[in-house]
Amino acid sequence: TISKADGSTHSFFNQDTQAALNLRYQLESHLVDALNKNELSLHYQPFINLKNQKVIGAEALLRWHNPILGNVTPDRFIALAERNGQIIDIGNFVLHTALAQAAKWCRELDQEFKIAINISPLQMRNPRFSEHIADLLTLYQLPPTALELEITEGMLMQDEHIAHNAIQKLQELGIRISLDDFGTGYSSLSYLQKYSFDTLKIDRCFINKLEENEQDRELTKAIIAIGKKLNLVVIAEGVETLEQDAFIRHEECDLGQGYLYGKPITAHEPPVSGLLSPLNNHYF
Ligand code: C2E
Ligand code: MG
Ligand code: MG
Ligand code: MG
C-alpha cells in the first residue's frame, strides 16, 4: 500500500486487479461488436515443402483491429470468445472467408494449394460439424483435400468422444486433420494413440531455440521420427533462421512454416508469389 500526496492510500494489488478486470471487460464489450463492425480479418501464412522449397498452402490466422484497442492478438481474444460462445460466429466467419479465399487462389494458381484453418473445440461440439464443413466445400467448390483443419490437444482432452467422431467423419470426407502445437499439451503421445491424424505440427517452442539448446534438438529429432513412423506429415512451426531450417531439413521434416519463409500477410496476393520475407529470397 502506498500513500498518495493527497493523503489517501492505494493498494497496488487492488489497482492491478481492477485494471485487469477493466481490460477484460473492455475487450469483451468490444469483441461483441467486432464481427458486425468488420473489425475481424484474416492473414495467411505460407507453409513450404522442405524438399523443393515450394509453397504448398497457407494457414489462416485471425486478426482483430479495434479503433480504441488497436490490434489485439488472437492469444488475447480467442479464449474470451470461447468463454462467451462468440467463437461459433467468429469461427464461421473464418471458415467462409478462408475457404472463399482458398478457392480463388486454387483457380488462379496452377498448382496444389492447401488452406489450414484453426478450429475451436466449441465448433466441433456441433454434431453436424462435418456436414457443415462439407456444405461449405460445396458452396466454395473446393475439393476436400484442399482443406486441413488444425486442432489442439487441449480440445481433445475436453471432449474426447465428440472429437473422435468429428475427426473420423471429416477424414471420411477426405479432409485432413492436423494436431497443432504438438508437444505442449498433456499426454501428447496418448493422443497419437487414440486418434488418427494426418499431420503433426511441432510447436514453435521446440524450434525457436534449436541453435542453443541440445535438448530441444534431441526432442525435435524424436518428434519428427515419431511422426514419420506413424506415417504422418510432419510440419515445424516458427522457423525463423537458416540454421533451424537446415536442422529440420536434415532430420527430414516434411514441411516448414515460420517467419523465415513468410510472415502472415493479407490476402492481396497469393502467398506463393512475392510478399515473402526478403531474408529467404534465395529460396524462390
Ligand atoms: P497457431 O495455430 O499455433 O498459429 C501459429 C502462430 O505462430 C501464429 O500466431 C503465427 O503468427 C505465429 N508464428 C508463425 N511463425 C512464426 C515465427 O517464425 N515466429 C514467431 N514468433 N511466431 C510465428 P497468431 O497469429 O498470433 O495466433 C496465435 C494462436 O491463435 C494460433 O496459434 C491459434 O491457436 C489461435 N488462432 C489464430 N487464428 C485462429 C482462428 O481463426 N480460430 C481459432 N480457433 N484459433 C485461432
Ligand atoms: Mg494453427
Ligand atoms: Mg501451432
Ligand atoms: Mg497455438
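In this text the structure is predicted, and so the values were computed from the model without any measurement. Read the numbers this way: they start at 1 and go in the same order the structure lists the ligands and their atoms.
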Do [Y] and [X] meet the salt-bridge criterion of a basic N to acidic O distance under 4.0 Å?
{"X": "Lys51", "Y": "Asp254", "value": "yes"}
{"X": "Lys201", "Y": "Glu59", "value": "yes"}
{"X": "Glu218", "Y": "Lys221", "value": "yes"}

Closest contact, heavy atoms only, [X] versus [Y]:
{"X": "Pro67", "Y": "Glu39", "result": "CD-OE2, 3.5 Å"}
{"X": "Tyr140", "Y": "His96", "result": "OH-ND1, 2.7 Å"}
{"X": "Ser120", "Y": "Ile87", "result": "CB-CG1, 3.6 Å"}

Taking 2.8 Å as the cut-off, does Glu150 contribute an N, O or S atom near the Mg ion (ligand 3), distance below it? no
Under 2.8 Å: N/O/S of [X] next to the Mg ion (ligand 2):
{"X": "Asn118", "answer": "yes"}
{"X": "Glu237", "answer": "no"}
{"X": "Asp181", "answer": "no"}

Between the side chain of Arg176 and the main-chain N/O of Leu147, is any donor-acceptor distance below 3.5 Å? no
Contact atoms of ligand 1, heavy-atom distance to [X] under 4.0 Å:
{"X": "Pro264", "result": "11 (O)"}
{"X": "Gln45", "result": "14 (C), 15 (N)"}
{"X": "Asp181", "result": "3 (O)"}
{"X": "Gly238", "result": "15 (N), 16 (C), 17 (C), 18 (O)"}

Who's closest to atom 45 (N) of ligand 1 heavy-atom-wise, of Asp203, Ile78, Leu61? Ile78
Counting heavy atoms only, name the option from Glu150, Gln257, Gln244, Arg204 that's nearest to atom 21 (N) of ligand 1. Arg204
Residue pair Glu240 / Asn208, side-chain donor-acceptor N/O under 3.5 Å: no
Report yes or no: do Glu251 and Thr220 form a side-chain donor-acceptor pair below 3.5 Å? no
Working note: Ile151 + Phe197, criterion side-chain contact (heavy atoms from CB on, under 4.5 Å); need CA distance, chi angles, decisive distance, verdict. CA-CA 10 Å; Ile151 59 184; Phe197 295 100; 4.0 Å; yes
When you measure from the heavy atoms of Gln123 to every atom of ligand 1, does any distance fall below 4.0 Å? no
Does ligand 1 have an atom that lies less than 4.0 angstrom from a heavy atom of Asp180? yes
Does ligand 1 come near enough to [X] that some N or O of the ligand is less than 3.5 Å from an N or O of the residue?
{"X": "Glu240", "answer": "yes"}
{"X": "Arg63", "answer": "yes"}
{"X": "Thr73", "answer": "no"}
{"X": "Gly258", "answer": "no"}

Tell me which N, O or S atom from Asp180 is the closest to the Mg ion (ligand 3). OD1
How does Glu237 reach ligand 1, if at all, at less than 4.0 Å between non-hydrogen atoms: by side chain, backbone, both, or neither? side chain
Quick look: His43 vs ligand 1, heavy-atom contacts under 4.0 Å, and the answer is neither
Of all N, O or S atoms in Glu59, the one closest to the Mg ion (ligand 2) is OE2
Within a radius of less than 6.0 Å around CD of Glu212, do more than 12 heavy atoms belonging to other residues, nucleotides or ligands occur? yes
Trace of the side-chain contact (heavy atoms from CB on, under 4.5 Å) decision for Tyr195 with Ile177: CA-CA 10 Å; Tyr195 306 95; Ile177 306 291; over 6 Å; no
